[in-house]
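Read the structure below first, then the notes.
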Amino acid sequence: MSHPKHHDHDHDHDHDHDHDHKPIESQQEPAGEERFLEQALRELLDEKGVVTAAQIAQQIDIQDSRTPALGAKVVAKAWVNPSFKQDLLAAPLETINKTFGLTINTPLELVVLENTPDVHNMVVCTLCSCYPRMLLGIPPAWYKSTDYRSRVVIEPRAVLKEFGAHISDETEIRVSDSTADVRYLVLPLRPQGTDMFTEAQLEALVTRDTMIGTAVPKLMES
Amino acid sequence: MQRKVNDVGGLTGSQIDQAEHDPTFYEKRIDALLMLLTGPKVQAFTVDSLRRAIEQNTPEDYSKRGYYEKWLLAIRQLLVEQQILSNEEIDRRIEEIKQRKGH
Amino acid sequence: MLEHQEFIASPSFNVGDRVTVKSGHPESHCRTPVYLRGKRGTIVEVVGRYHNPSLLALHKPGLPKLWLYRVRFQQSDVWEDYDGSSRDTVIADIYEHWLSSDEEHLNVSP
């Protein structure tokens, strides 16, 4: 059957390796009936050759390799390299692929939202849980919660307070709702006092939540 | 205005539970299954149809059912819609698995 | 077999245009949230053309593609008692068939 290629995730095609995979079933199964359904679907699809156990194991490895670390690298580089930042803002995915030697391929549009002293960006998907998985991995549970999704569009400042972030009333809070084919990465403000930091030291300041907009990068208290 | 179960922007909510819940291996399997079924090799169904299936939950089910539970049930529904599996064979296999596991 | 030539329409809206989100009956699968229906905003980006998610949701090809826009709204225009700064905004990605240039567009289906 033919469908247009329309996915909210990317597919890593250059992941050709051979190694031992964990056995598919492990602990932490849910208590309810659903675990039987999950096993039934997995077995039937494997038997029919639709999706094999090996493919599932490999896909899990691929997904595990996607963490906020990549997003942090992008942000840190944008902080130290103005020309990279310019390219990043103009053509995010192309620039990231080129600079980091990746082949992230998706029909979705990645938009980088730059925080400034005048604008603080936050990201949500009120309708489900769309998230820049190709850069940051799987979203946190709170991002997918109805509490976050319902509240951040109507009371972003209250939500920020709850997350312990403080944004001035003089700064515009700009909430981007990922309703369709766009995925967002927040480029947080570089903290003061980091002029002598190396790129690696800067990366350590960029947490997942700073790239969603519920946190601002902080220097660790010594 | 008629509001779908998933269309929650602006509704009253509670304090956000910020606890980190690393996905369990079970949840990762469901995630992987979805990626592969909607991926270019298999193209069993679209992510849009998954969302549509989830939107068909009643408000009660939507709030009671877990995130991945909703995914799993939607995946089942869509595999049947697309005639890749039948409800009968799925139910038969579930019974078989239960017996295997001594239930 | 005759090849179906897809007519590529140009976008109806440009950056800076003022638009109103329609408020009619939604499709079975809809990506225009209720909180923005009937609200007036400004186009900030013409994103591109994408398959129609309402059709994809029903296992259909999703053609013709639709123009997608990023639309910015003042929060004080969206919520009656918005309790933040008057500077605050919300941006959403909205498909063309949900937008109108008219100032008032009550109960018109997309």
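The sequence lines fix the lettering, A, B, ..., with proteins before strands; numbering per chain opens at 1.
Chain A is approached within less than 4.5 Å, heavy atom to heavy atom, by C:Gln75, C:Trp79, C:Tyr82 from residues 74-82 of chain C, ordered by number.
In this structure, C:Ser85 and A:Ile173 have side chains that are not in contact, with every pair of non-hydrogen atoms separated by 4.5 Å or more. A 4.5 Å side-chain heavy-atom check between A:Val111 and C:Arg70 finds at least one atom pair inside the cut-off. Residues A:Cys130 and C:Arg31 are in side-chain contact: their nearest non-hydrogen atoms beyond the backbone lie under 4.5 Å apart. You'll find the side chain of C:Tyr95 reaches within 4.5 Å of the side chain of A:Asp181, heavy atoms only. Between A:Val182 and C:Val47 the shortest side-chain heavy-atom distance falls below 4.5 Å. At a threshold of 4.5 Å between non-hydrogen side-chain atoms, the residues C:Phe73 and A:Val153 do not count as touching.
In C:Asp83, the CG atom is not crowded: 12 or fewer heavy atoms of neighbouring residues, nucleotides or ligands sit closer than 6.0 Å. The local environment of CD in A:Gln192 is sparse, with at most 12 non-hydrogen atoms from other residues, nucleotides or ligands closer than 6.0 Å.
Proximity to chain C is limited to the side chain of A:Leu113, based on heavy atoms less than 4.5 angstrom apart. Heavy atoms of C:Tyr35 lying under 4.5 Å from chain A belong exclusively to its side chain. Only the side chain of A:Arg157 comes within less than 4.5 Å of a heavy atom in chain C; its backbone stays farther off. Heavy atoms closer than 4.5 Å to chain C are found in both the backbone and the side chain of A:Ser176.
Applying the salt bridge (Lys or Arg N to Asp or Glu O under 4.0 Å) criterion to A:Arg190, with sequence neighbours excluded, gives no partner residue.
Shortest non-hydrogen contact noted between C:Asp93 and A:Ala180 is OD2-N, 3.2 Å.
In terms of non-hydrogen atom pairs under 4.5 Å with chain C, the most contact-rich of A:Glu170, A:His120, A:Glu155 is A:Glu170.
Separating the CD1 atom in A:Ile154 from the CG atom in C:Asp88 is a distance of 12.5 Å, to the nearest 0.5 Å.
For the pair C:Thr89 (side chain) and A:Arg174 (backbone), a donor-acceptor distance under 3.5 Å is absent.
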